[in-house]
Amino acid sequence: MSAHSVSALNLRGMLKIILILLAIWIVLSIIGFVVEGLFWLAVIGLILFVGTAIYGAIKGRGSKA
C-alpha cells in the first residue's frame with residue numbers, strides 16, 4: 001500500500017467515526033428535548049389536578065349547606 005492509500009483509509013475511518021458521533025448526538029438531543037417536554041407537561045398536569053381538586057372541595061362544601 002502506498003502512503004496515499006493509507007492516508008485515505010485513515011480519513012475515511014475518521015469521517016465514519018465523526019458521522020457516528022454526530023448521529024448519536026442528534027439522537028440524544030431529541031431524547032433530551034422530549035423528556036424535558038414531558039417533564040413540563042407532567043408539572044402542568046399536576047398543577048391543574050391540584051387546582052381542580054381544590055375547586056371541587058370548595059364547591060362541594062357550598063352545596064352541602
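A quick note: this is a predicted structure, and the numbers were derived from the prediction, not measured.
Cluster annotation: L41 is not connected to F33 through the hydrophobic network of ILVMFWY side chains, with a link wherever side-chain heavy atoms come within less than 4.5 Å. I47 and Y55 sit in two unconnected hydrophobic clusters of ILVMFWY residues. Membership requires side-chain heavy atoms under 4.5 Å apart, directly or through other members. Hydrophobic clustering (ILVMFWY, side-chain heavy atoms < 4.5 Å, transitive): F49 and V43 are in distinct clusters.
With respect to L21, the side-chain contact (heavy atoms from CB on, under 4.5 Å) criterion is satisfied by exactly one of I17, I18, L19: I17. The side-chain contact (heavy atoms from CB on, under 4.5 Å) test with L28 singles out one residue from I26, I24, I30, and that residue is I24.
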